[in-house]
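All chains are named by letter (A, B, ...) in the order of the sequence lines, taking the proteins before the strands, and each is independently numbered beginning at 1. Fair warning: this is a prediction, and the values are worked out from it, not measured in the lab.
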Amino acid sequence: MAQTASTQHSEIAAIDAGAVLDWYDRHARDLPWRVSPADRARGIRPNPYFVWLSEIMLQQTTIAAVRKYFAAFTSLWPTVENLAAAPLDDVLVQWAGLGYYARARNLHACAVAVVDQHGGVFPSTAAALRDLPGIGDYTSAAIAAICHDEVVAVVDGNVDRVVARYVALPSPVREEKPLVRATVQQAVPKRAGDFAQAMMDLGATICAPRRANCLLCPLEPACLGTKTGDPLAFPVPPAKVEKPHRHGHAFVIRHPEGKVFLRQRGPKGMLAKMTETPGSPWSDTETAATFPFAGDWRAAGEVNHTFTHFHLTLTVWSVTADTPLDEGWWAEETMLDREALPSLFRKVLKTSGLE
DNA sequence: AAAGCGGGGCT
DNA sequence: AGCCCAGCTTT
């Protein structure tokens with residue numbers, strides 16, 4: 001098919017969209033929120049609510065991690081109206097363990113905005129989608145392309161890598177976003193949704209982070225990364241920063257009647273509004289434990305957990321008592337799945353002998 | 001422009 | 001023990 005975009009950006013290597021689509025027609029991944037290229041050719045359109053939900057869940061996350069959450073959310077809340085009507089706390093319970101909890105708060109705010117401001121129908125253009133909570137450059141483009149074939153560049157981490165290799169980008173991708181976007185934009189065909197998903201599938205299955213199966217790649221003929229003999233050298237990694245190590249104490253208060261004391265975290269910062277076991281502030285140095293009340297506190301072990309920008313070691317202390325703290329509640333030890341507990345605090349409870 | 005924000009799977 | 005993942009928001 002005609003690639004007419006060559007003149008204006010002669011310095012940018014053209015991506016052969018026809019070859020990419022041909023590959024996608026044969027090798028598209030089958031995903032719960034996706035409409036296959038064959039069905040799309042038959043006029044079947046994806047459900048924008050499912051597409052949006054999957055895109056939010058997939059931000060900085062893997063498909064393997066998302067599958068169960070997507071199934072649970074669509075089962076509990078089949079429509080955006082259902083999700084908007086749910087209490088935020090219920091959404092946080094279902095999101096617990098998936099991480100980046102601002103996504104869950106924005107997810108709920110976005111559902112409410114779609115219902116209240118758009119009559120329950122997701123906007124159809126990337127520009128309008130971009131104004132909703134939790135929807136940025138990538139997600140707005142992805143939804144508009146996948147649901148409505150808007151001709152926009154959909155650039156996620158997969159596409160960054162494919163393009164960085166394709167043009168043998170000598171500097172970190174974050175410094176060359178405009179070039180990457182322009183390279184994709186000039187290639188977007190009429191089948192924009194299939195093309196967007198094809199490029200991501202290509203990055204996930206052929207042009208993977210530590211494995212490049214160039215022999216099977218539709219972009220191989222013009223790929224400069226392959227020609228260098230070492231496509232895995234791209235993308236060039238940014239300078240890495242060392243993660244500091246922080247320390248703290250966690251207090252597991254076990255009621256004699258089979259309950260454990262939990263409380264809600266504050267509205268800002270790490271794990272905001274999520275449920276936690278009581279504990280000390282997290283410090284750059286090791287400090288002695290200051291127990292919330294006198295009792296037979298026993299050391300249960302340590303929990304090590306790594307966040308995006310620091311390592312954390314919590315010393316876990318356990319006591320059996322019926323003494324509640326100022327704010328919080330007693331949770332049945334057999335019902336902890338109903339609590340909005342991040343993985344860190346599930347580890348704490350497990351270390352104390354619960355779960 | 002840079003920093004803050006989770007968690008798990010793969011190598 | 002790193003690296004990376006269908007990034008967004010705030011400062």
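Checking C:dC8, C:dA6, B:dC5 against the side-chain heavy atoms of A:Ile63 singles out C:dA6 as nearest. Considering only side-chain atoms of A:Asp156, the nucleotide from B:dG6, C:dG7, C:dC5 that sits closest is C:dG7. Of the candidates B:dG7, C:dA6, C:dG7, the closest approach to any side-chain atom of A:Leu31 belongs to C:dA6. Considering only side-chain atoms of A:Lys240, the nucleotide from C:dG7, B:dG6, C:dG2 that sits closest is C:dG2.
Straight-line distance from the CH2 atom of A:Trp33 to the P atom of C:dA6: 10 Å, rounded to whole Å. Rounded to a whole Å, the CZ atom of A:Arg103 is 10 Å from the C1' atom of C:dC8. Atom CZ in A:Arg174 sits about 9 Å away from atom C1' in B:dA1, given to the nearest Å. Atom-to-atom, CZ of A:Arg265 to C1' of B:dC5 comes out at 12 Å; the value is rounded to the nearest Å.
In this structure, A:Pro278 and A:Ile253 approach most closely via the heavy-atom pair CG-CD1, 4.4 Å.
A donor-acceptor contact under 3.5 angstrom links the side-chain atoms of A:Thr308 to the base of B:dG6. With hydrogens and angles ignored, a donor-acceptor pair under 3.5 angstrom links the side chain of A:Arg210 to the base of C:dC3.
Connection of A:Tyr69 to A:Leu31 is established within a shared hydrophobic cluster, with ILVMFWY side chains joined at heavy-atom distances below 4.5 Å, either directly or through further cluster members.
A close approach under 4.0 Å does occur between a side-chain nitrogen or oxygen of A:Tyr101 and OP1 or OP2 of B:dG7. Look at A:Thr306 and you won't find any side-chain N or O under 4.0 angstrom from OP1 or OP2 of B:dG7.
Among the protein residues, A:Trp95 comes within range of no part of the nucleic acid, since none of its heavy atoms lies under 4.0 Å from any strand.
With both ends at atom P, the span from B:dG6 to C:dT10 equals 14 Å, rounded to whole Å.
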